[in-house]
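Structure record follows, encoded as structure tokens.
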There are 2 protein chains.
Amino acid sequence: MRGGNMKLSSEQQEIIERIGVFFERKGHQPILGRIMGLLLVLEEAEATFDEIQEYLSVSKSAVSNALTLLQSQNKVEYTTKPGERKRYFRLKVRNWRNDMQEDMQGIFRINALLKDVMATRSASNMEFNRCIQDFQQFIEFMKVEMPKLIEKYDRLHNS
Amino acid sequence: MRGGNMKLSSEQQEIIERIGVFFERKGHQPILGRIMGLLLVLEEAEATFDEIQEYLSVSKSAVSNALTLLQSQNKVEYTTKPGERKRYFRLKVRNWRNDMQEDMQGIFRINALLKDVMATRSASNMEFNRCIQDFQQFIEFMKVEMPKLIEKYDRLHNS
DNA sequence: ATTTTGGTTCTCTTTTTTATGAACTAACAA
DNA sequence: TTGTTAGTTCATAAAAAAGAGAACCAAAAT
């Protein structure tokens with residue numbers, strides 16, 4: 001398999017683990033992050049099912065479930081090569097900017113909850129209410145300005 | 001205790017649960033989010049240890065640990081009232097804008113990892129490398145522009 | 001001095017998550 | 001037909017997280 005050299009440098013292993021914990025802390029399960037790390041670190045930027053299994057030394061089922069999940073989350077895709085049945089899995093890096101924007105939108109989703117909170121609150125504690133409203137206003141502002149910022153970036157770089 | 005009416009409306013309960021899952025999905029443990037929800041929903045915007053226990057019907061230890069954690073995360077603080085030993089716990093709403101900024105910085109932290117990834121990669125797969133670099137550039141841009149945006153907000157509102 | 005209040009800490013159970021390994025399947029190969 | 005490759009699915013084990021409850025402790029009240 002692929003030149004027979006299945007060894008990762010300790011540098012690479014370390015980065016894989018770090019990327020692993022990064023995604024773990026985002027609420028994903030451990031192997032997901034490690035697979036992403038692996039696919040980032042490999043020169044080819046892709047790997048087959050059993051390469052992933054061997055590099056990370058995890059079970060087939062773990063790999064299978066993780067890949068299914070990553071694909072359903074649009075983080076990974078696969079290509080095939082003519083005459084081969086194996087799938088070559090790789091990161092959908094092009095989606096990452098989008099993912100990041102979604103992550104930011106996710107942060108802002110507290111706003112919908114706060115709106116409902118405010119709907120249940122009376123006017124009896126205006127000091128507190130005012131605090132919440134200020135925060136909401138800030139979120140609103142960011143929610144409006146963020147897309148503009150992204151447009152600006154695209155104008156500067158991709159146009 | 002506090003007028004003796006320890007009942008939350010079903011509306012309030014529902015919001016507490018929703019806020020609960022919101023924070024749970026951010027990687028926090030369930031009661032943390034529910035306590036935050038409770039403190040958002042109560043008219044007084046504060047509650048004593050045993051009010052929290054009773055409203056949420058959880059154990060003393062759960063409340064104690066959760067409050068300790070929330071305080072260590074700067075999400076909750078307490079005040080006392082003259083002649084009373086009880087602590088009145090409340091949200092540090094004023095910190096939320098800051099928390100949100102930190103959450104956004106957290107999203108950007110992938111950049112440091114990508115920097116280390118790139119340091120290990122050779123020039124052999126430029127197509128992939130380019131993708132990563134583009135993404136990094138985008139993050140850099142956001143990291144620079146975000147503080148400016150916040151300044152802008154402050155200029156418009158708080159000055 | 002001893003009781004009560006307001007919590008904290010420790011141990012243990014329950015629940016949830018994560019991963020394993022074996023059995024299974026679908027497609028192709030000999 | 002029988003075997004092989006490339007995975008998937010299922011039952012379950014192992015490990016981690018969450019929470020309960022009792023014992024505990026320090027400050028204040030009686």
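In what follows, every chain begins at residue 1, and chains take the letters A, B, ... in the order their sequences are listed.
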| note | Letter by letter from the 5' end, nucleotides 21-30 of chain D scores (B base, S sugar-phosphate only, - none; protein heavy atoms under 4.0 Å) B-----BS--
Output all residues satisfying ring-ring contact (aromatic ring centres under 6.0 Å, His included) with [X], sequence neighbours left out; order by chain, then residue number.
| X | result |
| --- | --- |
| A/Phe135 | B/Trp96 |
| A/Phe22 | none |
| B/Phe108 | none |
| A/Phe89 | A/Tyr78 |

| remark: To the nearest 10 degrees, the angle between the two end axes of the helix from C/dA1-D/dT30 to C/dA30-D/dT1 (five pairs per end) comes to 20°
Separation of [X] atom [atom1] from [N] atom [atom2], in whole Å?
| X | N | atom1 | atom2 | result |
| --- | --- | --- | --- | --- |
| A/Glu84 | C/dA29 | CD | P | 13 Å |
| B/Gln53 | D/dA20 | CD | P | 9 Å |
| B/Leu70 | D/dA18 | CG | P | 13 Å |
| B/Glu24 | C/dT15 | CD | C1' | 12 Å |
| A/Arg25 | C/dT17 | CZ | C1' | 19 Å |
| B/Gln71 | C/dT8 | CD | P | 8 Å |
| B/Leu69 | C/dG7 | CG | P | 17 Å |
| A/Leu56 | C/dA19 | CG | C1' | 13 Å |

Qualifying residues under salt bridge (Lys or Arg N to Asp or Glu O under 4.0 Å), relative to [X], sequence neighbours excluded:
| X | answer |
| --- | --- |
| A/Lys92 | none |
| A/Asp134 | none |
| B/Glu17 | B/Arg34 |
| A/Lys143 | none |

| request: Mind checking A/Val63 for me? I need base, sugar-phosphate or nothing, with any heavy atom below 4.0 Å counting as a touch. | output: nothing
| said: Please list, in numerical order, the residues of residues 28-37 of chain A that have a heavy atom closer than 4.0 Å to any atom of DNA chain D. | reply: none
| field | A/Phe138 and B/Tyr153 aromatic ring geometry - parallel, tilted or perpendicular at 30°/60° bounds | value | perpendicular
| request: Check the pair A/Asn111, A/Glu140 against side chain to side chain donor-acceptor pair (under 3.5 Å), reporting the backbone distance first and the verdict last. | output: CA-CA 8 Å; A/Asn111 200 28; A/Glu140 290 296 352; 2.9 Å; yes
| request: Please list, chain by chain and in numerical order, all residues satisfying side chain to side chain donor-acceptor pair (under 3.5 Å) with B/Asp116, sequence neighbours excluded. | output: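 Result, side chain to side chain donor-acceptor pair (under 3.5 Å) vs B/Asp116: A/Arg18.
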